[in-house]
Asker: 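One structure, pasted below without further comment.
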There are 2 protein chains.
Amino acid sequence: MAENSNRRDEVLETAIDLFSQRGYAGTSIRDIAKAINRSVSNVYHYFENKEDLWLAILEYSVKGLPDKLRNVAHGDGEPLDRFRRLLKAHLEASVLHQRESKIFFIDEERLSPKGKEINRRIQKEILDIYVEQLRILQSHGLVKTKNIKVLAFNMLGTINWYLRWYHARGGMSEEEVHEEIIAFVLYGMCGSDSSNDT
Amino acid sequence: MAENSNRRDEVLETAIDLFSQRGYAGTSIRDIAKAINRSVSNVYHYFENKEDLWLAILEYSVKGLPDKLRNVAHGDGEPLDRFRRLLKAHLEASVLHQRESKIFFIDEERLSPKGKEINRRIQKEILDIYVEQLRILQSHGLVKTKNIKVLAFNMLGTINWYLRWYHARGGMSEEEVHEEIIAFVLYGMCGSDSSNDT
DNA sequence: TACAAGATAGATCGATCGTTCTAGCATTAA
DNA sequence: TTAATGCTAGAACGATCGATCTATCTTGTA
(Lines give C-alpha, C1' and ligand atoms only; values in the text may rest on other atoms or scores of the structure.)
Protein backbone atom coordinates (compact mmCIF):
# COMPACT_ATOMS: atom_id res chain seq x y z
CA MET A 1 0.00 0.00 0.00
CA ALA A 2 2.57 2.55 1.16
CA GLU A 3 -0.19 5.11 1.51
CA ASN A 4 1.79 7.45 3.71
CA SER A 5 5.35 8.19 2.82
CA ASN A 6 7.69 9.55 5.44
CA ARG A 7 8.30 12.62 3.35
CA ARG A 8 4.62 13.47 3.25
CA ASP A 9 4.34 13.15 7.00
CA GLU A 10 7.31 15.42 7.47
CA VAL A 11 5.50 18.12 5.55
CA LEU A 12 2.39 17.53 7.61
CA GLU A 13 4.29 17.66 10.89
CA THR A 14 5.96 20.92 9.94
CA ALA A 15 2.67 22.43 8.87
CA ILE A 16 1.16 21.51 12.24
CA ASP A 17 4.07 23.18 13.99
CA LEU A 18 3.87 26.39 12.05
CA PHE A 19 0.09 26.67 11.84
CA SER A 20 -0.22 26.20 15.58
CA GLN A 21 2.42 28.84 16.24
CA ARG A 22 1.66 31.50 13.62
CA GLY A 23 -1.88 30.71 12.52
CA TYR A 24 -3.17 29.76 9.11
CA ALA A 25 -2.92 33.14 7.40
CA GLY A 26 0.39 33.78 9.11
CA THR A 27 2.09 30.71 7.66
CA SER A 28 3.08 30.54 4.00
CA ILE A 29 3.74 27.45 1.94
CA ARG A 30 7.27 28.75 1.55
CA ASP A 31 7.68 28.86 5.32
CA ILE A 32 6.75 25.21 5.54
CA ALA A 33 9.03 24.19 2.68
CA LYS A 34 11.94 26.19 4.03
CA ALA A 35 11.62 24.70 7.50
CA ILE A 36 12.43 21.23 6.16
CA ASN A 37 14.74 22.35 3.34
CA ARG A 38 12.32 21.34 0.68
CA SER A 39 10.99 23.10 -2.41
CA VAL A 40 7.56 24.66 -2.68
CA SER A 41 6.64 22.24 -5.46
CA ASN A 42 7.37 19.37 -3.14
CA VAL A 43 4.66 20.54 -0.78
CA TYR A 44 2.25 20.83 -3.69
CA HIS A 45 3.19 17.34 -4.77
CA TYR A 46 1.67 15.88 -1.61
CA PHE A 47 -1.16 18.35 -1.09
CA GLU A 48 -3.41 20.00 -3.64
CA ASN A 49 -3.34 23.41 -2.03
CA LYS A 50 -3.01 25.19 1.29
CA GLU A 51 -6.49 24.38 2.51
CA ASP A 52 -6.09 20.74 1.55
CA LEU A 53 -3.10 20.70 3.85
CA TRP A 54 -5.21 22.18 6.60
CA LEU A 55 -7.90 19.56 6.06
CA ALA A 56 -5.32 16.77 6.15
CA ILE A 57 -4.23 17.95 9.58
CA LEU A 58 -7.79 17.77 10.84
CA GLU A 59 -8.25 14.40 9.20
CA TYR A 60 -5.75 12.51 11.30
CA SER A 61 -6.18 14.34 14.58
CA VAL A 62 -9.29 16.21 15.64
CA LYS A 63 -11.78 14.69 13.23
CA GLY A 64 -12.13 11.44 15.15
CA LEU A 65 -12.60 13.14 18.50
CA PRO A 66 -16.42 13.30 18.53
CA ASP A 67 -16.72 9.54 17.90
CA LYS A 68 -14.10 8.83 20.51
CA LEU A 69 -15.90 10.90 23.13
CA ARG A 70 -19.27 9.41 22.22
CA ASN A 71 -17.95 5.91 22.76
CA VAL A 72 -16.62 6.81 26.18
CA ALA A 73 -19.81 8.63 27.16
CA HIS A 74 -22.05 5.75 26.09
CA GLY A 75 -20.11 3.17 28.11
CA ASP A 76 -21.17 1.37 31.25
CA GLY A 77 -21.28 2.51 34.85
CA GLU A 78 -22.86 5.22 36.94
CA PRO A 79 -23.70 8.49 35.15
CA LEU A 80 -21.23 10.55 37.15
CA ASP A 81 -18.45 8.03 36.60
CA ARG A 82 -19.13 8.02 32.90
CA PHE A 83 -18.96 11.77 32.89
CA ARG A 84 -15.63 11.71 34.69
CA ARG A 85 -14.34 9.32 32.06
CA LEU A 86 -15.61 11.62 29.32
CA LEU A 87 -13.70 14.55 30.80
CA LYS A 88 -10.57 12.47 31.22
CA ALA A 89 -10.67 11.15 27.65
CA HIS A 90 -11.22 14.66 26.35
CA LEU A 91 -8.26 16.02 28.30
CA GLU A 92 -6.00 13.19 27.19
CA ALA A 93 -6.95 13.60 23.54
CA SER A 94 -6.40 17.32 23.83
CA VAL A 95 -2.88 17.00 25.14
CA LEU A 96 -2.10 14.27 22.61
CA HIS A 97 -3.08 16.51 19.71
CA GLN A 98 -2.28 19.78 21.40
CA ARG A 99 -0.89 21.58 18.39
CA GLU A 100 -3.60 20.43 16.03
CA SER A 101 -6.31 21.42 18.47
CA LYS A 102 -4.79 24.84 18.73
CA ILE A 103 -5.01 25.23 14.96
CA PHE A 104 -8.55 24.00 15.12
CA PHE A 105 -9.64 26.71 17.54
CA ILE A 106 -8.09 29.55 15.64
CA ASP A 107 -11.11 29.78 13.41
CA GLU A 108 -9.51 31.72 10.63
CA GLU A 109 -11.98 33.30 8.29
CA ARG A 110 -9.69 32.60 5.35
CA LEU A 111 -10.89 29.04 4.91
CA SER A 112 -13.34 28.10 2.17
CA PRO A 113 -16.99 27.51 3.08
CA LYS A 114 -16.26 23.80 3.08
CA GLY A 115 -13.41 24.20 5.56
CA LYS A 116 -15.43 26.43 7.86
CA GLU A 117 -18.32 23.99 7.71
CA ILE A 118 -16.14 21.07 8.81
CA ASN A 119 -14.67 23.17 11.59
CA ARG A 120 -18.04 24.14 12.96
CA ARG A 121 -19.56 20.71 12.60
CA ILE A 122 -16.93 19.11 14.82
CA GLN A 123 -17.25 21.79 17.48
CA LYS A 124 -21.02 21.44 17.39
CA GLU A 125 -20.79 17.67 17.75
CA ILE A 126 -18.61 17.93 20.83
CA LEU A 127 -20.92 20.48 22.40
CA ASP A 128 -23.89 18.20 21.73
CA ILE A 129 -22.18 15.29 23.44
CA TYR A 130 -21.71 17.35 26.57
CA VAL A 131 -25.25 18.70 26.48
CA GLU A 132 -26.65 15.19 26.12
CA GLN A 133 -24.65 13.86 29.05
CA LEU A 134 -25.46 16.84 31.21
CA ARG A 135 -29.17 16.33 30.61
CA ILE A 136 -28.82 12.76 31.85
CA LEU A 137 -27.03 13.98 34.96
CA GLN A 138 -29.73 16.61 35.36
CA SER A 139 -32.46 13.95 35.28
CA HIS A 140 -30.58 12.16 38.08
CA GLY A 141 -30.60 15.34 40.14
CA LEU A 142 -26.83 15.67 39.94
CA VAL A 143 -26.97 18.95 38.05
CA LYS A 144 -29.15 21.69 39.45
CA THR A 145 -28.94 24.49 36.93
CA LYS A 146 -31.47 24.81 34.12
CA ASN A 147 -28.96 26.35 31.75
CA ILE A 148 -27.29 23.22 30.48
CA LYS A 149 -25.88 24.86 27.41
CA VAL A 150 -24.13 27.60 29.37
CA LEU A 151 -22.77 24.95 31.69
CA ALA A 152 -21.44 22.98 28.72
CA PHE A 153 -19.76 26.08 27.31
CA ASN A 154 -18.13 26.75 30.66
CA MET A 155 -16.69 23.26 30.80
CA LEU A 156 -15.42 23.37 27.24
CA GLY A 157 -13.82 26.69 28.02
CA THR A 158 -11.85 25.19 30.88
CA ILE A 159 -10.79 22.18 28.82
CA ASN A 160 -9.87 24.10 25.71
CA TRP A 161 -8.03 26.76 27.62
CA TYR A 162 -5.84 24.00 29.02
CA LEU A 163 -4.39 23.71 25.50
CA ARG A 164 -3.10 27.24 25.73
CA TRP A 165 -1.28 27.27 29.03
CA TYR A 166 -0.11 23.70 29.43
CA HIS A 167 3.40 22.88 28.24
CA ALA A 168 4.73 20.01 30.35
CA ARG A 169 5.97 22.19 33.16
CA GLY A 170 7.58 20.65 36.18
CA GLY A 171 6.00 20.00 39.53
CA MET A 172 2.85 18.27 38.43
CA SER A 173 2.37 15.23 36.26
CA GLU A 174 -0.04 15.35 33.36
CA GLU A 175 -2.47 13.16 35.24
CA GLU A 176 -2.37 15.36 38.32
CA VAL A 177 -3.27 18.37 36.20
CA HIS A 178 -6.14 16.46 34.60
CA GLU A 179 -7.51 15.45 37.99
CA GLU A 180 -7.29 19.02 39.14
CA ILE A 181 -9.22 20.22 36.10
CA ILE A 182 -11.88 17.55 36.52
CA ALA A 183 -12.29 18.49 40.17
CA PHE A 184 -12.70 22.12 39.12
CA VAL A 185 -15.30 21.31 36.52
CA LEU A 186 -17.28 19.18 38.96
CA TYR A 187 -16.99 21.16 42.16
CA GLY A 188 -15.51 24.54 41.29
CA MET A 189 -13.13 26.66 43.27
CA CYS A 190 -14.61 26.05 46.70
CA GLY A 191 -14.99 22.30 46.41
CA SER A 192 -11.82 21.52 44.50
CA ASP A 193 -9.84 19.23 46.79
CA SER A 194 -6.57 17.86 45.44
CA SER A 195 -6.25 15.25 48.21
CA ASN A 196 -8.99 13.31 46.47
CA ASP A 197 -7.10 11.07 44.04
CA THR A 198 -9.84 9.02 42.33
CA MET B 1 -7.64 69.86 22.05
CA ALA B 2 -9.64 67.78 19.54
CA GLU B 3 -7.34 64.87 20.16
CA ASN B 4 -9.62 62.26 18.63
CA SER B 5 -11.34 63.07 15.38
CA ASN B 6 -14.39 61.09 14.38
CA ARG B 7 -12.65 59.94 11.25
CA ARG B 8 -9.83 58.40 13.21
CA ASP B 9 -12.22 56.53 15.45
CA GLU B 10 -14.06 55.19 12.43
CA VAL B 11 -10.85 53.64 11.22
CA LEU B 12 -10.20 52.21 14.66
CA GLU B 13 -13.70 50.77 14.96
CA THR B 14 -13.44 49.10 11.58
CA ALA B 15 -10.05 47.68 12.41
CA ILE B 16 -11.47 46.18 15.61
CA ASP B 17 -14.27 44.61 13.62
CA LEU B 18 -12.03 43.06 11.00
CA PHE B 19 -9.18 42.03 13.31
CA SER B 20 -11.61 40.28 15.64
CA GLN B 21 -13.24 38.46 12.73
CA ARG B 22 -10.31 37.57 10.49
CA GLY B 23 -7.29 37.92 12.72
CA TYR B 24 -4.32 40.26 12.43
CA ALA B 25 -2.52 38.53 9.55
CA GLY B 26 -5.82 37.89 7.83
CA THR B 27 -6.77 41.56 7.66
CA SER B 28 -5.06 43.95 5.27
CA ILE B 29 -4.91 47.72 5.47
CA ARG B 30 -6.77 47.75 2.18
CA ASP B 31 -9.57 45.69 3.74
CA ILE B 32 -9.97 48.27 6.47
CA ALA B 33 -9.88 51.22 4.09
CA LYS B 34 -12.34 49.59 1.69
CA ALA B 35 -14.81 48.79 4.47
CA ILE B 36 -15.32 52.51 5.16
CA ASN B 37 -14.79 53.71 1.59
CA ARG B 38 -11.55 55.43 2.45
CA SER B 39 -8.13 55.39 0.82
CA VAL B 40 -5.18 53.43 2.13
CA SER B 41 -3.24 56.65 2.69
CA ASN B 42 -6.00 57.85 4.93
CA VAL B 43 -5.42 54.97 7.31
CA TYR B 44 -1.72 55.76 7.31
CA HIS B 45 -2.50 59.37 8.04
CA TYR B 46 -3.92 58.44 11.44
CA PHE B 47 -1.67 55.47 12.25
CA GLU B 48 2.01 54.99 11.58
CA ASN B 49 1.70 51.37 10.48
CA LYS B 50 -0.32 48.23 10.95
CA GLU B 51 1.11 47.36 14.34
CA ASP B 52 0.58 50.90 15.59
CA LEU B 53 -3.08 50.40 14.73
CA TRP B 54 -3.08 47.19 16.73
CA LEU B 55 -1.48 48.93 19.70
CA ALA B 56 -4.02 51.74 19.52
CA ILE B 57 -6.81 49.18 19.85
CA LEU B 58 -5.20 47.75 22.97
CA GLU B 59 -4.64 51.24 24.30
CA TYR B 60 -8.26 52.22 24.70
CA SER B 61 -9.70 48.84 25.62
CA VAL B 62 -7.80 45.98 27.24
CA LYS B 63 -4.83 47.91 28.57
CA GLY B 64 -6.67 49.35 31.54
CA LEU B 65 -8.19 46.04 32.56
CA PRO B 66 -5.51 44.97 35.10
CA ASP B 67 -5.80 48.22 37.05
CA LYS B 68 -9.56 48.02 36.96
CA LEU B 69 -9.55 44.47 38.33
CA ARG B 70 -6.96 45.33 40.97
CA ASN B 71 -9.13 48.14 42.28
CA VAL B 72 -12.12 45.87 42.58
CA ALA B 73 -10.10 43.09 44.20
CA HIS B 74 -8.53 45.43 46.77
CA GLY B 75 -11.89 46.83 47.88
CA ASP B 76 -13.72 46.30 51.14
CA GLY B 77 -15.77 43.37 52.37
CA GLU B 78 -15.43 39.69 52.96
CA PRO B 79 -12.82 37.86 50.85
CA LEU B 80 -15.36 35.72 49.03
CA ASP B 81 -17.57 38.71 48.28
CA ARG B 82 -14.59 40.58 46.94
CA PHE B 83 -13.77 37.65 44.73
CA ARG B 84 -17.32 37.54 43.41
CA ARG B 85 -17.04 41.21 42.57
CA LEU B 86 -13.75 40.57 40.81
CA LEU B 87 -15.35 37.91 38.63
CA LYS B 88 -18.33 40.10 37.88
CA ALA B 89 -16.18 43.07 36.91
CA HIS B 90 -14.05 40.87 34.71
CA LEU B 91 -17.08 39.44 32.92
CA GLU B 92 -18.61 42.86 32.42
CA ALA B 93 -15.40 44.31 31.04
CA SER B 94 -15.07 41.32 28.74
CA VAL B 95 -18.46 41.72 27.20
CA LEU B 96 -17.98 45.48 26.93
CA HIS B 97 -14.79 45.05 24.92
CA GLN B 98 -15.68 41.71 23.42
CA ARG B 99 -14.18 42.24 19.98
CA GLU B 100 -10.98 43.80 21.28
CA SER B 101 -10.49 40.99 23.78
CA LYS B 102 -10.87 38.49 20.99
CA ILE B 103 -8.07 40.20 19.08
CA PHE B 104 -6.01 40.22 22.21
CA PHE B 105 -6.22 36.46 22.68
CA ILE B 106 -5.32 35.61 19.13
CA ASP B 107 -1.65 35.91 19.96
CA GLU B 108 -0.41 36.35 16.44
CA GLU B 109 3.26 35.72 16.03
CA ARG B 110 3.46 38.46 13.42
CA LEU B 111 3.72 41.22 15.96
CA SER B 112 7.00 42.88 16.78
CA PRO B 113 8.80 41.95 20.01
CA LYS B 114 7.35 45.09 21.55
CA GLY B 115 3.82 44.11 20.63
CA LYS B 116 4.22 40.57 21.91
CA GLU B 117 5.73 41.89 25.12
CA ILE B 118 2.77 44.15 25.81
CA ASN B 119 0.38 41.32 25.04
CA ARG B 120 2.05 38.96 27.46
CA ARG B 121 2.50 41.51 30.21
CA ILE B 122 -1.22 42.23 30.40
CA GLN B 123 -2.13 38.55 30.46
CA LYS B 124 0.47 37.94 33.15
CA GLU B 125 -0.85 40.81 35.25
CA ILE B 126 -4.38 39.46 35.15
CA LEU B 127 -3.20 35.99 36.08
CA ASP B 128 -1.24 37.43 39.02
CA ILE B 129 -4.31 39.25 40.31
CA TYR B 130 -6.23 35.99 40.42
CA VAL B 131 -3.36 34.10 41.99
CA GLU B 132 -3.03 36.74 44.70
CA GLN B 133 -6.72 36.69 45.52
CA LEU B 134 -6.87 32.92 45.51
CA ARG B 135 -4.00 32.74 47.99
CA ILE B 136 -5.97 34.98 50.32
CA LEU B 137 -9.00 32.75 49.99
CA GLN B 138 -6.75 29.78 50.58
CA SER B 139 -5.45 31.25 53.82
CA HIS B 140 -9.09 31.61 54.92
CA GLY B 141 -9.68 27.95 54.20
CA LEU B 142 -12.10 28.73 51.39
CA VAL B 143 -9.90 27.12 48.76
CA LYS B 144 -8.66 23.62 49.42
CA THR B 145 -6.42 22.82 46.47
CA LYS B 146 -2.68 23.48 46.62
CA ASN B 147 -2.44 24.18 42.91
CA ILE B 148 -3.52 27.78 42.90
CA LYS B 149 -2.05 28.50 39.52
CA VAL B 150 -3.89 25.68 37.79
CA LEU B 151 -7.06 26.87 39.48
CA ALA B 152 -6.47 30.38 38.20
CA PHE B 153 -5.93 29.10 34.66
CA ASN B 154 -9.15 27.13 34.84
CA MET B 155 -11.10 30.21 35.86
CA LEU B 156 -9.57 32.38 33.20
CA GLY B 157 -10.40 29.69 30.67
CA THR B 158 -14.05 29.83 31.58
CA ILE B 159 -14.14 33.60 31.51
CA ASN B 160 -12.22 34.01 28.30
CA TRP B 161 -14.15 31.29 26.53
CA TYR B 162 -17.26 33.28 27.28
CA LEU B 163 -15.99 35.80 24.71
CA ARG B 164 -16.18 33.17 22.01
CA TRP B 165 -19.64 31.80 22.39
CA TYR B 166 -21.64 34.72 23.76
CA HIS B 167 -23.45 36.89 21.29
CA ALA B 168 -26.51 38.34 22.98
CA ARG B 169 -28.72 35.36 22.32
CA GLY B 170 -32.25 35.31 23.60
CA GLY B 171 -33.58 33.59 26.70
CA MET B 172 -31.07 34.84 29.22
CA SER B 173 -30.04 38.33 30.15
CA GLU B 174 -26.39 39.26 30.27
CA GLU B 175 -26.51 39.36 34.07
CA GLU B 176 -28.09 35.93 34.28
CA VAL B 177 -25.30 34.48 32.19
CA HIS B 178 -22.70 36.16 34.38
CA GLU B 179 -24.28 34.77 37.53
CA GLU B 180 -24.32 31.33 35.97
CA ILE B 181 -20.62 31.57 35.13
CA ILE B 182 -19.74 32.82 38.59
CA ALA B 183 -21.67 29.95 40.15
CA PHE B 184 -19.78 27.52 37.92
CA VAL B 185 -16.42 28.97 38.85
CA LEU B 186 -17.20 28.84 42.54
CA TYR B 187 -19.09 25.57 42.85
CA GLY B 188 -18.69 23.71 39.54
CA MET B 189 -21.15 21.52 37.75
CA CYS B 190 -22.58 19.75 40.79
CA GLY B 191 -23.05 22.79 42.96
CA SER B 192 -24.14 25.27 40.35
CA ASP B 193 -27.63 26.35 41.37
CA SER B 194 -29.32 29.01 39.27
CA SER B 195 -32.03 29.68 41.86
CA ASN B 196 -29.40 31.49 43.92
CA ASP B 197 -29.53 35.08 42.66
CA THR B 198 -27.08 36.93 44.86
C1' DT C 1 18.15 -1.83 -21.93
C1' DA C 2 13.79 0.96 -22.25
C1' DC C 3 9.84 2.98 -20.34
C1' DA C 4 6.48 4.66 -16.92
C1' DA C 5 5.52 6.71 -12.57
C1' DG C 6 6.80 9.20 -8.58
C1' DA C 7 9.55 12.76 -6.47
C1' DT C 8 12.10 16.87 -6.60
C1' DA C 9 13.91 21.77 -7.80
C1' DG C 10 13.67 26.16 -9.93
C1' DA C 11 11.66 29.67 -12.65
C1' DT C 12 7.73 32.14 -13.10
C1' DC C 13 2.75 33.69 -12.97
C1' DG C 14 -0.71 37.23 -11.48
C1' DA C 15 -2.50 38.88 -7.15
C1' DT C 16 -1.97 41.02 -2.96
C1' DC C 17 0.73 42.58 0.86
C1' DG C 18 2.61 46.82 3.84
C1' DT C 19 4.32 51.03 2.83
C1' DT C 20 5.74 55.39 0.51
C1' DC C 21 5.43 59.16 -2.68
C1' DT C 22 3.25 62.87 -5.00
C1' DA C 23 -0.22 65.91 -5.62
C1' DG C 24 -4.65 68.04 -4.94
C1' DC C 25 -8.25 69.98 -1.79
C1' DA C 26 -9.99 72.32 2.35
C1' DT C 27 -9.46 75.32 6.18
C1' DT C 28 -7.25 78.75 8.87
C1' DA C 29 -3.80 82.42 10.13
C1' DA C 30 -1.13 86.28 8.83
C1' DT D 1 -3.69 87.45 -1.03
C1' DT D 2 -0.44 84.23 0.55
C1' DA D 3 1.36 80.63 3.33
C1' DA D 4 0.87 76.85 6.20
C1' DT D 5 -1.34 72.93 7.86
C1' DG D 6 -4.47 68.91 7.95
C1' DC D 7 -6.87 65.60 5.21
C1' DT D 8 -7.58 62.95 1.21
C1' DA D 9 -6.89 60.03 -3.12
C1' DG D 10 -4.27 57.50 -6.36
C1' DA D 11 -0.21 55.66 -8.33
C1' DA D 12 3.57 53.13 -7.47
C1' DC D 13 7.43 50.52 -4.84
C1' DG D 14 9.56 46.09 -3.62
C1' DA D 15 8.36 41.98 -1.20
C1' DT D 16 5.71 38.10 -0.65
C1' DC D 17 1.68 35.36 -1.39
C1' DG D 18 -0.66 30.81 -3.43
C1' DA D 19 -0.21 28.35 -7.34
C1' DT D 20 1.59 26.51 -11.90
C1' DC D 21 4.80 25.04 -15.38
C1' DT D 22 8.77 22.74 -17.05
C1' DA D 23 12.56 20.00 -16.50
C1' DT D 24 15.28 17.00 -14.27
C1' DC D 25 16.34 12.93 -11.23
C1' DT D 26 15.25 8.45 -9.04
C1' DT D 27 13.05 4.13 -8.78
C1' DG D 28 10.82 0.03 -10.17
C1' DT D 29 9.32 -3.01 -13.83
C1' DA D 30 9.36 -5.48 -18.09
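In what follows, every chain begins at residue 1, and chains take the letters A, B, ... in the order their sequences are listed. Treat the numbers as computed from the prediction; the structure is a model and nothing was measured.
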Asker: Output yes when D31(A) and K34(A) qualify as a salt bridge under the 4.0 Å nitrogen-oxygen rule, no when they do not.
Answerer: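 The answer is no: the pair does not qualify as a salt bridge.
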Asker: Between dA26(C) atom C1' and H45(B) atom NE2, what is the distance in whole Å?
Answerer: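 After rounding, the gap between these two atoms is 12 Å.
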Asker: Side-chain contact test, heavy atoms from C-beta onward, threshold under 4.5 Å: evaluate it for V131(B) versus L151(B) and give yes or no.
Answerer: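 They are not in side-chain contact.
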Asker: Rounded to whole Å, how long is the line connecting atom CG of N37(B) with atom P of dT8(D)?
Answerer: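 From N37(B) CG to dT8(D) P: 13 Å.
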Asker: Specify the separation, in whole Å, of atom CG of N6(A) and atom C1' of dG6(C).
Answerer: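 Computing the N6(A):CG to dG6(C):C1' distance gives 15 Å.
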Asker: Taking atom P of dA7(C) as reference, at what distance in whole Å does atom CG of D9(A) sit?
Answerer: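 Rounding to the nearest Å, CG of D9(A) and P of dA7(C) are 12 Å apart.
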Asker: Measure from CD on E10(B) to P on dC7(D) and round the result to the nearest Å.
Answerer: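 These atoms are roughly 14 Å apart.
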Asker: So that I know where these two stand, are F104(A) and H97(A) an aromatic pair - ring centroids less than 6.0 Å apart?
Answerer: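 No.
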Asker: What residues, two or more places apart in sequence or in another chain, satisfy salt bridge (Lys or Arg N to Asp or Glu O under 4.0 Å) together with K124(B)?
Answerer: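 Partners of K124(B) under the salt bridge (Lys or Arg N to Asp or Glu O under 4.0 Å) test: D128(B).
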Asker: How many Å lie between OH on Y46(A) and C1' on dA19(D), as a whole number?
Answerer: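 Result: 18 Å.
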Asker: Is a salt bridge present between R121(B) and E125(B), judged by a nitrogen-to-oxygen distance below 4.0 Å?
Answerer: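 Answer for the salt bridge query: yes.
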Asker: Starting from C1' on dT8(C), measure out to CZ on R8(A) and report it in whole angstrom.
Answerer: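 The answer, rounded to whole Å, is 17 Å.
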Asker: Can you tell me if R7(A) touches the phosphate of dT8(C), counting only side-chain N or O atoms and a distance under 4.0 Å to OP1 or OP2?
Answerer: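 So the side-chain polar atoms of R7(A) do come within 4.0 Å of the phosphate oxygens OP1 or OP2 of dT8(C), strictly under.
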Asker: Can you tabulate the close N/O pairs, meaning under 3.5 Å, that link protein atoms to atoms of nucleotides 13-20 of chain C?
Answerer:
| unit_1 | atom_1 | unit_2 | atom_2 | d |
| --- | --- | --- | --- | --- |
| dC17(C) | OP1 | S28(B) | OG | 3.3 |
| dG18(C) | OP1 | T27(B) | O | 3.4 |
| dG18(C) | OP1 | K50(B) | NZ | 2.7 |
| dG18(C) | OP2 | I29(B) | N | 3.0 |
| dG18(C) | N7 | R30(B) | NH1 | 2.7 |
| dG18(C) | O6 | R30(B) | NH2 | 2.7 |
| dT19(C) | OP2 | Y44(B) | OH | 2.9 |
| dT19(C) | OP2 | K50(B) | N | 2.9 |
| dT19(C) | O5' | Y44(B) | OH | 3.4 |

Asker: Quick one: list whatever passes salt bridge (Lys or Arg N to Asp or Glu O under 4.0 Å) with R99(B), sequence neighbours left out.
Answerer: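 Only E13(B), D17(B) meet the salt bridge (Lys or Arg N to Asp or Glu O under 4.0 Å) criterion with R99(B).
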